[in-house]
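These notes are about the structure you will find just below.
Keep in mind that this is a model prediction, so the values were computed, not measured. The residues of the chain are indexed from 1 along the displayed sequence.
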Amino acid sequence: MSAEDSSWRTPEMESFHTRFSAWTPFSNKSLNRQLFQERVALISHWFDLWTNKQRQEFLFAIFLRCTKPQLRFVQDWFSERMQVAKVDFSTVLPRFISLYIFSFLSPKDLCAAAQVSWPWKFLTEQDCLWMPKCVKFGWFLPYTPTDNEYGAWKRHYVACVSHLDWLTPREAAAIYGTLNEPKTEDEELLERQREKCLRKRIWEEIALRNKELFKVRPPWVSGTCCSSVLKPRRQPRLSQTVRERVGSHEALEKQLVLTSLEILPKRSNISGSHSYPLLSKKYWHGVHKNDDSSSYALRPHFILISSRIPAYEMVVESVKAGVVSVVYEHSVTLESLLYLIEKALDGRKAQSMGIFSDGDSREINLLQGYKIGVKNLLRPEVRDFWEKLGSYVATEEEGGHVDFFVPLGASEAGTEVLSQLSQLTGTFFTAPTGIATGSYQHILSDWLGSQWGKAPSSIYFCEAKLQTWSSFADFLEETLKTVRKQLYPLFKELQKSISGRMIGQFMFDTMGMTNILNNQETAQALADRLMELSKEDSERSVVEDDSWDTKSRLSKNDLNFEALINLERILQKDSAEKRTRVVRELLQSERKYVQMLEIVRDVYFAPLKAALSSNRAILSAANIQILFSDILQILSLNRQFLDNLRDRLQEWGPAHCVGEIVTKFGSQLNTYTNFFNNYPVILKTIEKCREMIPAFRTFLKRHDKTIVTKMLSLPELLLYPSRRFEEYLNLLYAVRLHTPAEHVDRGDLTTAIDQIKKYKSYIDQMKQNINMKDHLSDIQRIIWGCPTLSEVNRYLIRVQDVAQLHCCDEEISFSLRLYEHIHDLSLFLFNDALLVSSRGTSHTPFERTSKTTYQFIASVALHRLLIENIPDSKYVKNAFILQGPKYKWICATEVEDEKFLWLSVLRNAIKSSMEK
């Protein structure tokens, strides 16, 4: 059959003979070529329809099947059509070769290279490039950089260079003289004319460059100062991007906001950092020139007082004469605080510095957003702040010290903060141990490492006034809220420290020592102390008789044995005694706390319950349940806790534990949760029943603020549960501080501290939310036409009064522009927006006082706000520009310090909002 088949095959049929495939001709080249092109076209059509990922997978599969000659063909094809003309050597060469190339650049060239790209910036800021340049001039880092720290040697080089004094040739010749022959008057006049012409030419070049930049900048950027620093190569790119893509407005606005922050003028201070404004020439020498021994006696004592502490005006009034005091707002920045300190010291060093701020036994609530503790102490900006602060204080060898009026000595974390600060700055840091409970009475307790024969508080304050303030700080704060509202319109033009001293003096004169001694709490404390003294006298008489017999027997055996006993007694004052004292303080404070809760039960709940049972109800059963059910459960819980503490202390010894009792108490804190959740409802119920029920109003009038209630009202008594947790934390930290590491109780104490700390943070968050909500409501009420301000996590940072200016002619030179005052504005800075309102003053006939009114104008989100500085001239001072998407305000402050503080806080708020 094969022979028959071969007989009828023709040559044409042979040309269609196929190989490997029924559709690929073997010897017909034309058909083969045509079929190949059709398949290529089909695959190309499929390739066009695929996604990018599918294309990549297809190319990857094809390249895997290619041989080396085929891959070389692809490489040659790319090299011929896409020639590499320029390549970044830092991305191709090994890093050590790139660093070796950069090592030949000067510091100025390295700074310029850092602006090329991010890889170049990373390489040019390496410590291996900047350390030899610093060591060459003898500039060594005062600390060892951490592993994750970046660019420490470059910052140190910039700080050292900015610290150097520089003089023009004329000034140098006037100070140090010159080796050249003196010039004649004609030569001197000719040189001055040449300098004047050169200066005029420079200003003309700058004006011409500003006009060129003005043509290419975006339409929403106004003012000359901002455009003069923007690079000309960026502006065409920005405007072109706006024309091409409308959707990129937010990114461009963010870039412009950051640029406006960077161009604000800086002030070069003695520590090498930069901030606004410039110091005058008389401060160029810095405070280090005053370090000779003859100036020790001239160094003042310096105290920083935060306006966040309650009744801070009375603390200001307690400052001794000769002590330099500065009151600062809690919302300022670290840079602003350094500026206030430097200005107050006026180029001098302080012999000692006190910091009176809010805080606890673990951290210092120094500023808003800066709680100084172990975790954030080594942050670059925080560490830089403390290093500069240490340069304002005499060293430890010279007797200098920094005193924190915060109980850092009562915990291990607090003592670690003090130790690290001492090592970082070379200055001795101290703080109270905080054993004494109460609002601010820790400042009257023992201080760590006191080497001056008296407590540091006596260096800065009059102790009698300070003790009065510490005993009644919380009560005085409530009174001062009303006093501030009445006296603020009269004192608003004065500095905060001066107005605070006047208000504090007013309060001290009003109170009088007679009113203080009549307070029931003080009288009760005096009575209790007298009872204890009487008991101690009776016991001391018995002990002295026994000790006299013992000493007489010892003197017969050995005359030197009494000295050995005294030495042994001194050595036995160890941690065990301190631990016992703290635990007893815990028991005593818990007993007082339970007594305050029992006052609520006996004075208020019991009579109201009895009246309800006798059909003479003052309040309904539902209202009584709302008011007292939670507080009675708290009383039951703390009564059990008090009993457990009392039983443990009856057989107390160094080996006994208290942590397990506190841990058991901490596991039952849900009782407090119910109370704090219902606390606003309880207060509203009290106010509603007071207004609607006359019998309840009479009942409260008869029982509130009596001797039995310790001169407190029912709402004031209900405050005690929220304040108790701060005392728990301070005492537990103190117990753990004096508990050895190998003690069995240490683990339980750590667990108890974590429980109390977690619950205290919950209470603090509730307080913060309520305070912010009330504050925003007050602001919204006083501003006419203000939109709703209540939003989650929004809070007020600062309020600044400014004058709104109007430029008469913007076409003339920037330094010759004239401005006129058109309105008074008030700027309300929140953490996410800036609210602008007009400010007016209305006077009442026949009265000296005035009333301030506010009218809403606009609000701008911080991430869309541009800041431009206006340099001082003979026509305008302390001015700046705020540019929003729709409006622009030219503003000016009264004094230079207000402008610096406002711009510093505003710049920090904008950066924080853009980082979120």
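- In terms of heavy atoms, V323 sits closest to I459 at CG2-O, 3.8 Å.
- Side chains of R724 and S589: a donor-acceptor N/O pair is present below 3.5 angstrom, by distance only.
- R798 and E329 are not joined by a salt bridge, as no carboxylate oxygen comes within less than 4.0 angstrom of a charged side-chain nitrogen.
- A salt bridge does not link K899 to E896: none of the charged nitrogens lies less than 4.0 Å from a carboxylate oxygen.
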message: Run the side-chain contact (heavy atoms from CB on, under 4.5 Å) test on R383 and L377 for me, step by step, so that the C-alpha distance in whole Å, both residues' side-chain angles and the decisive distance to 0.1 Å come before the verdict.
response: CA-CA 6 Å; R383 184 174 63 184; L377 187 60; over 6 Å; no
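- Interatomic distance, CD of Q804 versus CG of L825, reported as 4.5 Å (0.5 Å rounding).
- Checked against a 6.0 Å centroid threshold, the rings of Y460 and F356 do not count as neighbours.
- When all heavy atoms of A413 and V374 are compared, the pair lying nearest together is O-CG2, 3.5 Å.
- Looking at I867 and I910, their side chains come closer than 4.5 Å, going by heavy atoms from C-beta outward.
- Other residues, nucleotides and ligands place no more than 12 heavy atoms under 6.0 Å from the NZ atom of K773.
- Under the 4.5 Å side-chain criterion, counting only non-hydrogen atoms from C-beta, F830 is in contact with L835.
- Between atom NZ of residue K757 and atom NZ of residue K760 there is a gap of 9.5 Å, rounded to the nearest 0.5 Å.
- Contact of the F429 side chain with the H401 side chain is not registered, since no non-hydrogen atoms from C-beta on lie closer than 4.5 Å.
- Taking the charged nitrogens against the carboxylate oxygens, R308 and D358 do have a contact shorter than 4.0 Å, which makes a salt bridge.
- One N or O on the side chain of Q351 and one on the backbone of G399 form a donor-acceptor pair closer than 3.5 Å.
- Between F900 and Y339, the gap from one ring centroid to the other is short of 6.0 Å.
- Between T333 and L901, every side-chain heavy-atom pair lies at or beyond the 4.5 Å cut-off.
- Salt-bridge formation is detected for the pair E335/R907: a Lys NZ or Arg NE/NH1/NH2 atom is positioned less than 4.0 Å from an Asp or Glu carboxylate oxygen.
- Between the side chain of S318 and the main chain of C462, no donor-acceptor pair closer than 3.5 Å is present.
- T852 and T841 are not linked by any side-chain donor-acceptor pair at a separation below 3.5 angstrom, with hydrogens and angles left out of the test.
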- request: Report the C-alpha separation of T415 and L408 in whole Å, then their side-chain angles, then the decisive distance to 0.1 Å, and conclude whether the side-chain contact (heavy atoms from CB on, under 4.5 Å) test is met.
  value: CA-CA 6 Å; T415 54; L408 295 178; over 6 Å; no
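- Tested against L366, the residues V382, V406, I372 include a single side-chain contact (heavy atoms from CB on, under 4.5 Å) partner, I372.
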Candidate pair F828 and Y854, rule ring pair (Phe, Tyr, Trp, His ring centres under 6.0 Å), full reasoning: CA-CA 11 Å; F828 294 83; Y854 301 93; 5.8 Å; yes
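- In this model, a donor atom of one side chain and an acceptor atom of the other lie less than 3.5 Å apart for Q765 and N769.
- When side chains are defined from C-beta on, W902 does not count as touching S336, because their heavy atoms never get closer than 4.5 Å.
- Going from atom CD of E898 over to atom OG1 of T893 covers 5.5 Å, rounded to the nearest 0.5 Å.
- When every heavy atom of V393 is checked against every heavy atom of S352, the shortest pair comes out as CG1-CA, 4.4 Å.
- Interatomic distance, I341 CD1 to L304 CG, rounded to the nearest 0.5 Å: 4.5 Å.
- Here the closest heavy-atom approach between residue S837 and residue I783 is recorded as CB-CG2, 4.3 Å.
- Between L829 and V799, the closest side-chain pair of non-hydrogen atoms is not below 4.5 Å.
- Of all heavy-atom pairs between K371 and N376, the closest is O-ND2, 2.5 Å.
- The number of heavy atoms from other shown groups lying within 6.0 Å of NZ (K767) is above 12.
- The pair K349-E398 does not meet the salt-bridge criterion, since no charged nitrogen lies less than 4.0 angstrom from a carboxylate oxygen.
- Under the 3.5 Å distance criterion, the side-chain polar atoms of N831 are left unmatched by any main-chain donor or acceptor of S913.
- When all heavy atoms of E363 and G373 are compared, the closest pair comes out as CB-CA, 4.1 Å.
- Without hydrogens or angle criteria, K851 side chain to G840 main chain gives no donor-acceptor distance under 3.5 Å.
- To the nearest 0.5 Å, atom CG of residue L337 and atom OH of residue Y370 are 11.5 Å apart.
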query: What do the steps show when you test I870 against V876 for side-chain contact (heavy atoms from CB on, under 4.5 Å), and what is the final call?
result: CA-CA 8 Å; I870 300 179; V876 66; 4.2 Å; yes
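- For F461 and F405, the distance between ring centers is under 6.0 angstrom.
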- prompt: Would R723 and L719 count as a side-chain contact (heavy atoms from CB on, under 4.5 Å) if you check the C-alpha gap in whole Å, the side-chain angles of each, and the deciding distance to 0.1 Å?
  reply: CA-CA 7 Å; R723 298 177 179 176; L719 281 174; 3.5 Å; yes
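- By the 4.5 Å heavy-atom criterion applied to side chains, L729 and R362 are counted as neighbours.
- Side-chain contact between F404 and W447 is absent, with no heavy atoms from C-beta onward closer than 4.5 Å.
- Note that OG of S826 and CD of Q800 are 9.0 Å apart. Values are rounded to the nearest 0.5 Å.
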